[in-house]
Each structure stands twice: as structure tokens, then as C-alpha cells.
Amino acid sequence: MPLTLDPGKVSADPKLITLTFVWPQEPWNPTSLFKHIVYLCETAGYIHNIANVHIIDLSVTQMLKKEISNLFKKSDYVCIPLEAYTVRNAVKLKNLIKQTSDAKVVVYGTIVPMNPELFAEHFDIVISTGHWYRAIKKLVQEPEEFNKYLHEGIYCKAEPMTPEEWTLPPQEIMPMKHYLKVAPTQYDIGVQIGCTFNCSFCAEKALIPESVIYSRPPEQIRDFIKNNPEDAIYYINATTFTQDREWAKQVCELLSELNPLRKWRTVTRIDRIDQEIIGLMKKSGCYKIGFGIETLSKPLQRSIRKSYDESKLKESLLMVKDSGIIPRCFLILGLPGQTAEDVHYTQQFIEDLDIEYRWKEYVPFQKISQIKTLEEFELFERTDYFGYEIPGLSKEEYIRLLSVER
Ligand code: SF4
């Protein structure tokens with residue numbers, strides 16, 4: 001049943017409220033932690049100073065049922081970031097929470113705004129905006145105000161954070177020991193949300209529909225990196241690092257001042273770089289940049305709303321390579337309408353430039369809005385390949401392309 005909050009049940013002293021943030025188990029061990037750090041830990045960090053906060057990441061930590069139930073018993077809220085591949089395990093968690101405690105279950109995350117009504121049938125509070133940091137803070141600090149925007153269990157007031165409100169990953173309460181086992185030398189920090197582009201396959205627009213990019217203050221990025229190990233690799237997790245050019249330049253300038261220089265990588269668009277910005281990135285310690293190239297088929301580029309001129313693309317990739325930064329291209333396999341010819345052409349183009357790349361499977365996020373039962377999310381669990389039929393491409397080749405990193 002969708003729930004309406006009773007502000008009277010929320011303690012007048014927000015410090016007494018306890019929230020447990022839980023990342024559900026995943027079908028496989030994660031290989032990338034950026035969502036865990038940004039969606040789970042940084043969200044918890046945002047209210048860390050105004051409530052009692054715990055973080056549990058079941059994708060990297062094993063816990064006894066008894067231990068986790070005890071934590072739920074102490075919690076007023078259990079907050080679960082949802083991904084399409086964790087929905088069914090999130091439901092199992094919710095069942096355990098309901099059996100063992102009075103905690104209310106809050107869900108938020110990439111897929112939630114795509115089908116909030118469905119999630120509201122199963123969870124107590126559904127945060128249906130990408131600005132969930134602010135929403136959860138409001139739930140803790142101003143429950144009556146929060147309640148005004150909670151309709152049938154769905155909260156959708158989109159209120160962005162101000163730059164000063166960004167918080168650093170709260171390492172003191174994060175499962176750092178386990179995270180460092182997954183990525184022994186890598187530290188992640190989220191630095192942007194939102195994007196002014198509108199690629200059809202990207203979930204960012206469902207989260208932040210406005211054409212705005214919100215960026216973390218550059219000084220915070222510098223301080224985070226400065227206060228962590230000198231020999232670590234830093235993943236500056238941006239939607240498009242160089243989209244706001246002046247901000248990107250400030251970040252580079254501050255990172256250039258660190259002694260010793262730290263090694264970092266990020267992602268951006270190939271049509272948002274030039275010699276000057278690449279020079280500044282290199283000078284500040286950037287060693288690798290990921291570019292979402294996706295496909296070189298013109299009709300497919302139009303259908304995904306992401307087009308590049310091939311000669312410009314080649315020029316830009318070689319410019320990055322010549323600067324001493326490693327360019328890495330992300331390509332999408334399984335786009336509706338893709339053919340083997342497109343796949344081979346795109347791959348050959350990148351290989352001829354001797355540039356790193358990897359194929360990633362197309363995820364049909366659009367289907368999420370049509371899903372009627374949570375069981376249907378099995379489709380998105382990473383236990384199998386989607387196995388799109390690409391004319392001319394055998395299933396063996398499809399799977400081989402996805403498993404090879406070059
Ligand atoms: S440029 Fe990147 S972040 Fe922006 S909409 Fe396209 S894929 Fe998403």
C-alpha cells in the first residue's frame with residue numbers, strides 16, 4: 001500500500017533519525033563501483049551530519065541475516081538505490097525489512113522516475129527525481145514539507161543541490177575495505193549530474209530532464225584527491241567532463257597544483273574537446289579519457305541523437321593520443337536497426353587508429369515505463385545477454401565482442 005508520511009511519527013530531533021542505505025545483492029560481483037560510490041555512499045554522505053547513517057553494500061559484503069535485521073530494527077528508514085538489475089533483490093530485502101522492523105523503505109535511483117507508480121505499489125516512499133539527495137534530506141529535516149509533495153507514496157519535487165551542498169564520499173562509514181578489494185587502487189568521486197545533450201539510450205535524462213549540468217565545486221575535487229593516497233588512480237565520474245568548459249579548466253588548474261601530480265581519468269564527449277582543454281587535462285594528471293562513440297552508422301547516429309563527423313572524430317582521437325592521454329571508445333552493441341556491417345565498420349575504424357575500445361550491450365530502458373510487474377525486471381539481470389538479433393552477426397560473435405576489451 002502506498003503510504004502517506006505521518007510527520008508526528010518523525011522525531012523532532014533529526015539527529016535521532018536513523019537511515020540505513022543498502023545496495024542490494026547483484027547477480028555477479030560488480031566490476032565498476034561508481035554507482036555504488038555516487039548513488040549509495042554520496043547520498044548517505046549528504047545527510048551524514050544530520051542523522052545516524054549506516055551504509056551496507058550487499059554486492060561486496062556478506063552479512064548474516066541476523067546482523068542485517070538488527071540494523072533494520074534500529075532504522076527509521078531503509079533507503080535502497082534501484083537499478084534495473086537489482087529490483088528483484090530489492091524486493092527480497094523489502095520483505096525482510098517488513099518482517100523484522102518498522103522501518104519505512106525508500107527507493108530512488110536511475111530507473112525509479114521511469115515507472116514510479118509501479119514502485120509505489122511495492123515500496124513505502126518512491127523518490128521520483130534525480131535530485132534525490134535533496135529529497136532525502138527534506139524527509140529527514142522537514143518531514144511536513146516533504147509530505148506536501150508526497151502523493152500516493154511518490155515524491156517528485158525536483159530541487160537541485162546548490163554547489164556548496166555537494167558532499168564528499170563519507171569514507172569513514174563506507175565499506176572501504178571491500179571496495180578496495182574490487183578496485184584496489186581506484187577512488188571514485190561523482191562530480192556532475194545532468195547533461196545538456198539528449199542521447200536516446202541514456203538514462204541521465206530520465207533522472208534530470210532539465211537541460212542543465214550541475215557540477216561539484218572544483219575545490220572539493222582537489223581536496224578529495226589531495227586527502228587520499230598519492231599513488232591511487234582517481235575516477236572523476238562526470239556526465240561530460242568538458243561540457244562546462246570553464247569549470248573543467250578550473251578543475252584542471254587546481255589538480256595541476258598538487259604535488260605530486262595525481263593520476264586521474266574521466267569521460268567526456270569527443271565533440272567537446274580541443275587542444276587547449278586536452279593540454280590542461282594532461283598537465284593536471286589525466287591519463288585516460290573515455291568517449292561514448294556508440295556507432296558510426298549515420299542512420300543509427302540520428303536515431304540515438306548523437307552524431308559525429310568521421311574526419312573530425314579521427315582528428316580529435318588522434319589529438320588526444322598525441323597528447324599522451326589514452327583515448328578509450330565506448331561502442332554500443334544491439335541498437336535497434338544495427339547490422340553486422342555497421343558493427344564491423346565502427347570497430348575497424350577505431351582499430352585502424354589503434355585506439356582502445358569496448359562494446360557494451362544496449363539496454364532498452366524505454367521498456368521500463370511499460371513494465372507491469374517487478375518480476376519482469378528479470379530481463380535486466382546480468383545473468384544472460386540480451387542476445388539481440390543483429391542481421392549478419394552470429395550469437396557467438398555477439399558474445400565475443402562483449403567479452404573482449406581492447
Ligand atoms: S552526452 Fe553522455 S551523459 Fe549526455 S545524454 Fe549523451 S550519453 Fe548521456
Side-chain angles (χ1 to χ4, degrees), residues 32 34-35 37-39 42 81 83-84 109-114 129-133 158 160-161 166 188-216 221 235-248 251 265-274 277-278 281 286 288-309 312-313 316-317 320 327-338 346 350 356-369 380:
S32 159
F34 84 87
K35 287 186 179 173
I37 306 285
V38 177
Y39 295 0
E42 288 186 9
E83 288 294 319
T110 320
I111 57 163
V112 174
M114 298 178 192
T129 161
H131 297 292
W132 60 69
Y133 305 84
M161 290 184 282
W166 285 72
D188 297 43
I189 179 171
V191 299
Q192 288 175 337
I193 52 173
C195 185
T196 57
F197 296 96
N198 189 14
C199 309
S200 68
F201 58 88
C202 178
E204 193 66 26
K205 279 288 142 187
L207 284 180
I208 312 286
E210 62 270 28
S211 186
V212 177
I213 188 158
Y214 301 96
S215 304
R216 185 187 283 280
I221 302 171
Y235 178 33
I236 298 189
N237 175 19
T239 47
T240 300
F241 183 78
T242 53
Q243 193 168 172
D244 178 345
R245 193 182 166 80
E246 287 313 307
W247 172 87
V251 174
R265 67 184 179 91
T266 191
V267 292
T268 193
R269 281 180 61 117
I270 196 74
D271 55 3
R272 281 294 175 277
I273 55 166
D274 56 33
I277 198 85
I278 289 297
M281 290 172 81
C286 178
K288 189 181 266 197
I289 307 175
F291 297 102
I293 304 301
E294 331 304 359
T295 172
L296 292 184
S297 150
K298 287 291 166 206
L300 287 183
Q301 285 186 343
R302 279 193 291 278
S303 77
I304 62 171
R305 299 192 287 270
K306 196 172 194 182
S307 297
Y308 299 115
D309 172 77
K312 184 77 185 74
L313 172 65
S316 299
L317 286 171
V320 175
R328 180 170 166 76
C329 297
F330 304 125
L331 311 173
I332 302 189
L333 195 64
L335 283 166
Q338 200 166 31
T346 302
I350 306 293
E356 283 186 14
Y357 66 90
R358 77 162 163 78
W359 287 97
K360 192 165 185 286
E361 208 173 22
Y362 171 70
V363 180
F365 282 120
Q366 295 81 354
K367 284 194 178 170
I368 290 176
S369 61
F380 295 94

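Residue indices begin at 1 and follow the sequence shown. Note that ligands are numbered from 1 as they come in the structure, with each ligand's atoms numbered from 1 the same way.
Panel note: side chain T266, backbone I236; a donor-acceptor pair is recorded below 3.5 Å. With hydrogens and angles ignored, the 3.5 Å screen pairs no side-chain donor or acceptor of T239 with any backbone N or O of Q192.
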Using distance only, find each side-chain donor-acceptor pair of residues 291-300 under 3.5 Å and give its atom names and separation, not counting sequence neighbours.
residue	atom	partner	partner atom	Å
E294	OE2	K306	NZ	2.7
T295	OG1	S297	N	3.0
S297	OG	L300	N	3.2
K298	NZ	Q301	OE1	3.2
K298	NZ	Y308	O	2.5

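Every residue meeting the side-chain hydrogen bond (donor to acceptor under 3.5 Å, both in side chains) condition with K312, not counting sequence neighbours, appears here in chain and number order: S316. Residues passing the side chain to side chain contact (heavy atoms under 4.5 Å, CB included) test with E356, sequence neighbours excluded: K288, I326, R328.
The residues lining ligand 1, counting any heavy atom closer than 4.0 Å, are C195, F197, C199, F201, C202, T239, T240, R269, K306.
Distance check: R272 CZ to I277 CD1 gives 12.0 Å after rounding to the nearest 0.5 Å.
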